Enquirer: 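Just dropping this structure here.
What you see is a predicted model, and the numbers here were worked out from it, not measured in a lab. Below, chain A is the first sequence line, B the second, and so on; all start at residue 1.
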Amino acid sequence: MTTKSKLYKTLLYDKQFSRREVIKLSGAGAAIYGLNSLLSSCNTSQIPQTTIGLLLPFSGIYASLGESIYNGMRIYFDEIQNKVAGNNLFIIAEDTEMKPDVAQQKARKLIEQDNVDLVTGIVSTGVLYGLRDYFHNNKKFLICSNAGGNKISREMKSPYIWRSSFSNWQPNWPLGIWAYENVATKVFVSAPDYGAGHNMVDAFSNSFQSAGGKIINKQFTPFPSMGDPAPYITEIQQSRPQMVYCFYSGSSAVSFINAYHDFGLSNDIPIVCSGFTVEEDVLPAQGSAALGIKSGLHWALSLDNPANINFVKKYKNLYDHNANVFAVQGYDTAKIIAEMINEVQGDSDNTNGMINYLKQVNFESPRGSFGLDANSQNPTQNIYVREVKEINGNLQNVVIENLGSFTDPGNNSLG
Amino acid sequence: MMASGLSLIFGQLNFINLSHGSFYVLGGYVAYSILSYSKSFLLSIIIAPLIVGLFGVILEYVFLRRLYGHKRHLDQVLFSMGIALITADIVTMNWGTYVINIRTPSILSTAILILDTEFPLYRIVIILVGLCTAISLWTLIYKTHLGTILRAGVFDIKMVSESGINVQPIFTSIFGLGAALAALAGAIGAPLHSLYPGLQFEILILTLAVVIIGGIGTLKGAFMGSLLIGTVDTFGKALFPEISLFLIFALMVIILIMKPSGLFGNTYHYES
Amino acid sequence: MNLKQHSIEKNILSNKIILLSISITIMLVLPTVSNNYIISLLIEILIFSIFAMSLDILIGYTGLPSLGHSAFFGLGSYIIAFLNSTNAIALNVSQNILITLPIVILATGIMSFVIGIIAIRAKGIYFLMITLAFAQMLYSISIRWSSVTGGSDGITGILRPNLVIGSWMLQFDSRISFYYLVVAIFFITIILLNQIVNSPFGNTLQGIKSNQQRMLSLGYNVNWYKTASFVISGVVAGISGMLLAQFYWFTSPENIYWTMSGQALIMVVLGGNATLIGPIIGATLMRLLPNVTSSITIYWQSYMGLILIAVVLYARNGIVGTISKIISKNHE
Amino acid sequence: MNNIQIKKLSMCFGNMFALEKVSLNIDTNGIHTIIGPNGAGKSTLLKLISGHLIPSSGSIYLDSKEITNLPIYTRAKLGISCTYQHTNLFDDMTTIENIKIALQQQYDIGYKITQNKLSKLLILDQATQILRRFNLDDYMCQNTNTLSYGHQKILEIAISFATKPLVLLLDEPTSGISLTNTKEMINLIKQISKTTRVILVEHDMDVIFNLADTITVLNHGKIIGQGTPSEIQKNPTIQSYYLGHYDNIIT
């Protein structure tokens, strides 16, 4: 018992540790602890403490997202000295590898063996949906810090699953109207052929069309890897649209945008895209190919508010590269969790208390004013239009317009 | 055709070498590191294959030579899976989890007009490099003494070694060459594909498809296989973008139904 | 000579029965002494053991290395999702396992027959690839055809089964009851497969693995036997897929993806092929290993890779094969 | 009964004729031997009869039933069983298991997933008897890859014999084995031929003239002579073509 507490204390206070070491060691602690509880089935609540289980991908193509979210969370937990409701706060991180079956196993481990108070994390929608019934049936709390599948705010809603990140609909619907009014009236749409791709495209095209715009063609590319994007780019080249809307993330975002530039299209046909396509995690790899691309998202590095300036600076100092939207989501999630546990005085069995807290969450986040919507159990937040510009030799997403505050409709009426 | 096809040109001596994906990925990452030190693209695509080729030689010398023979295909597949898993970790350890991209060298980063559509110069260069490699390999295998020994060696190791030629060093160096080629492909393909964790598993499946469609143990097969897959992939993406992935595997099934040993597969291996 | 051989066989048989009854007892008693998490781990291990054993029928006994076995695993999980789930897609036929199980068996049986009859024409590594190709085709269908399969999001809300005979009903809703169901199916599978591999049919399969040409010249219709083995193996894999989907209340294309086949392949090779206990040990290790190592290090993939390489190079017969080799050496 | 009829059988590999319009009737009982120099097409002929090769043209009949294009296993079921020039056993099984696999096909229970004690004992008994008959009972529980080459070749025949064939095709059963084993082999084949027709491809003249009831001589894919051993010995064309260098053996 004491070994474990000591271990975590040192870990979470000492900023010298890199993330990898933290996970490695905290994991070791968890393993020892797990063994202990197995052997002696001892009562763990002698020392007041709060344990949070973290389910994130640390290997595979979403590894960088997992890392960013974790880093963002650590910044907030450091700010509150790893104390909630007077208890010491511990984190047990597990690698979900983007596989629903692995995530199930890890979730069970966290809840049933490590007795965590609640679980957070989740990057991919597939994993989120895979875990939905487990958390719902067992009445355990899950605060989702990324995965944006619309259904979890709509037909698959559960009182125990809340989301502090976004729904796929959210940034794209406002963007559709804006693009019609400010960029062009005829669009070519391109996105990977999976849940999130369709969610985003549907939201964008619905609002774009309702504003009066016309969709020339919809192109869905293989997921998770699109391979060589050249054939897709050629197809766009041949249909000569006025504008291209796309959603890609990670490596696909890099190869798509770079190929778009290489084929000489970036000067002729403007791209308006979901913000993830040119977010800070891929922007360095895209470089000048991304210049001029306009995108819609609930955050931007250059947002000028005190919370953001503070966060961005801390992140850069600690991890030596720019913050990104995933890190912000991690930071906000940590804040919500900590305050929720304060609210119920560390008693994670007080489900009603926690739900009541979540229903009225409202604070100034790095994203601007931020709240949770009781209906969709999803954030109410500003959507910004950003443009990639070069400032002092660095590429940056600069906010060019704040489209105002949006929340998920909670049903499929708007796409 | 496309850059990934390049890595597959070398259909490997009756050895199901799935670690090709790993070599490809390592090639890209090593080239990236060299590029950031030396700032020279040319240097990076020369040195990276050398380093990875050496790695390949060591791998062959220590482990792989125990796994030759057509009865051990399954072992070869599993071994390569193991290598792919380890490389995945080596990559994240050294280069992190973020997507990395090598910039196309500025001289080559223009688009030129072909038949009224713009086409990136860099891609044309890649196709040329691919063709040159294929031609020089073909010359090596079919026109030189070394190639004759090699082909005989693939067919029947015992016979060749009884005739007094030591084939092992030749196999080792050929394996190294294969690794180096894959690394070269990885290095010059990196500006197109970008590098990220998990890339090797995608390449791995594609490699398998190419080798199988072409037939194991023939250079011609591997070349035609990658050409065919490249074509089907490109046209598939253009014509039926939504089922392009399906198409490759459907093609594989059809070819294997018609010719159960691949297009140019050696029936000798098949029978025994 | 005859008598001696006979008594040896009898001895082995009685040993097996003792072993089986001991393990059944352990399995039945375990839930009373272990916590929830251990039970869910056990359920997973048992389900994956069934999956691995089914693959072993192909690899270990018939000598057909398949890298597309996830096709049937995934198929089983999707069929049960259609049969009954709270999802709009589902037909909601029945929750009764006496109805759903035969449907799953029939459907995976037909599918594996169709795929098998084509795939067995290819040999060795080509068989590996053609099965992989089929599985990947199903995978892309499962992603593409989202109106039926739910696309990449998968299908949630799959219900746990019940058992209804007349007015008598047994619910497998809770974890413990589902555990007992899985244990029952697991042992039925073991007993059936054990019967199969030790029967003349099993000998025929092993003969095909050992020397296909000789089997032909002895008058065996090899392709027929191969197809039969493929179907048996596919059906058992389908059952395991069904159980996993019901346990997770969820299925997704990941269940068909080739990494799932790869996982099963590693289970079989790691544990030792051509034994039924081998895949079980392999499945146990494979399900526990990431659980343990990922808590200790994030580089668990390397450990997996190293183990794989070590097995290929030094323990080709897997854990069981190597151990029995050591034992028999010591005897000498 | 059990006669094999071959009509205008040709087999090409690429441009090369391995067999060219060979017609042959094997209708007398006993041992029929096919001889000829290397590359004469003897093994090809045997493989065509057993079904391992499908001819380019021509036809083969077993008891006036055409079997030219039937698969190997159907011919085996009809009663044509073959052995291989290089041993072709179930390497990872014991001697008795090798025989059992053949027997279980003979009793047509290879597809059964249950087996009663009686049939188990019956097969065990049969297998032991066959092994005893071939003097292999001492190696009953040994893995076949630990047997001597000679024993492996004998086992090869024993397996084929276990399927109770009507016609047994033997491809050079004595090649590469010791003198004592050869003698044993000759005796065994003689014994077998009492109940089963044997078609034999052989190099060893000693063996041939010891065993053969009739002989067919092949050269360059064509039949150049046919008859009893004594007829063949007297045939001057064959003498000059083929047997010349065996003069000392024959006389």
Side-chain angles (χ1 to χ4, degrees), chain A residues 19-20 23-34 37-38 41 58-60 63 92-95 97-102 104-106 108-114 124-134 136-137 149 151 155-156 192-199 220 222-224, chain C residues 33-41 43-45 47-48 73 77 85-88 140 143-144 146 150-160 173-175 244-255 257 259-260 263 287-288 290-302 304:
Chain A
R19 182 198 63 89
R20 273 170 204 288
I23 293 178
K24 191 170 161 182
L25 292 170
S26 70
I32 294 164
Y33 162 64
S37 69
L38 256 183
S41 59
F58 292 114
S59 54
I92 301 175
E94 289 287 349
D95 183 4
E97 310 164 43
M98 213 188 134
K99 293 180 187 158
D101 70 305
V102 176
Q104 275 256 0
Q105 197 191 29
K106 297 289 168 67
R108 281 167 204 273
K109 174 180 176 289
L110 289 174
I111 288 176
E112 291 159 18
Q113 181 166 300
D114 302 337
S124 59
T125 301
V127 169
L128 176 64
Y129 289 173
L131 290 174
R132 189 259 176 199
D133 285 358
Y134 175 74
H136 182 77
N137 294 353
K151 285 183 194 160
E155 61 259 44
M156 281 167 65
D193 190 6
Y194 77 117
H198 285 276
N199 279 174
F220 288 103
F223 177 80
Chain C
V33 293
S34 57
N35 67 24
N36 258 344
Y37 177 61
I38 305 275
I39 294 170
S40 73
L41 265 186
I43 294 177
E44 277 182 15
I45 287 171
I47 292 173
F48 277 97
F73 185 77
S77 70
S85 63
T86 56
N87 208 290
S140 40
I143 284 201
R144 265 310 310 157
S146 45
S152 66
D153 292 343
I155 299 176
T156 49
I158 298 170
L159 300 171
R160 298 259 169 92
D173 232 3
S174 72
R175 186 174 305 179
L244 194 77
Q246 291 183 322
F247 179 51
Y248 285 169
W249 302 285
F250 178 70
T251 184
S252 74
E254 288 290 321
N255 282 345
Y257 199 50
T259 46
M260 188 60 93
Q263 200 182 70
R287 288 314 286 185
L288 289 183
N291 207 34
V292 176
T293 51
S294 79
S295 299
I296 298 167
T297 163
I298 64 160
Y299 299 120
W300 62 271
Q301 293 192 85
S302 303
M304 204 59 248

Enquirer: Let me know if C:Tyr37 has heavy atoms under 4.5 Å from chain A in its side chain, its backbone, both or neither.
Expert: both
Enquirer: C:Ser252 versus chain A, heavy atoms under 4.5 Å apart: side chain, backbone, both or neither?
Expert: side chain
Enquirer: For C:Leu244, give me all partners under side-chain contact (heavy atoms from CB on, under 4.5 Å), at least two apart in sequence or on another chain.
Expert: C:Ile47, C:Phe48, C:Phe73, C:Tyr248, C:Asn255
Enquirer: Return the minimal non-hydrogen interatomic distance between C:Asp153 and A:Thr125, and the atom names on each side.
Expert: OD1-CG2, 3.9 Å
Enquirer: Suppose we screen for ring pair (Phe, Tyr, Trp, His ring centres under 6.0 Å). Which residues come up paired with C:Tyr257, at least two apart in sequence or across chains?
Expert: C:Tyr139
Enquirer: Out of curiosity, C:Ser152 OG to A:His198 NE2, how far, rounded to the nearest 0.5 Å?
Expert: 7.5 Å
Enquirer: For A:Val127, is there any backbone N or O sitting under 3.5 Å from a side-chain donor or acceptor partner on C:Glu254?
Expert: no
Enquirer: Give the member of C:Gly157, C:Gly150, C:Gly151 that has the highest number of heavy-atom pairs under 4.5 Å with chain A.
Expert: C:Gly157
Enquirer: Return the minimal non-hydrogen interatomic distance between A:Tyr134 and C:Trp249, and the atom names on each side.
Expert: CA-CZ3, 3.5 Å
Enquirer: Say you draw a straight line from CD1 of C:Ile43 to CD of A:Gln105; how long is it, rounded to the nearest 0.5 Å?
Expert: 12.0 Å
Enquirer: With rounding to the nearest 0.5 angstrom, report the CG to CZ distance, A:Asp133 to C:Arg160.
Expert: 9.5 Å
Enquirer: Below 4.5 Å, heavy-atom pairs only: which of A:Lys151, A:Glu155, A:Arg108 has the largest tally toward chain C?
Expert: A:Arg108
Enquirer: Taking every non-hydrogen pair under 4.5 Å, which of A:Gly130, A:Ser124, A:Gly126 racks up the most with chain C?
Expert: A:Gly130
Enquirer: Dump the intermediate steps for side-chain contact (heavy atoms from CB on, under 4.5 Å) on A:Glu112 and C:Leu41, then the final yes or no.
Expert: CA-CA 11 Å; A:Glu112 291 159 18; C:Leu41 265 186; over 6 Å; no
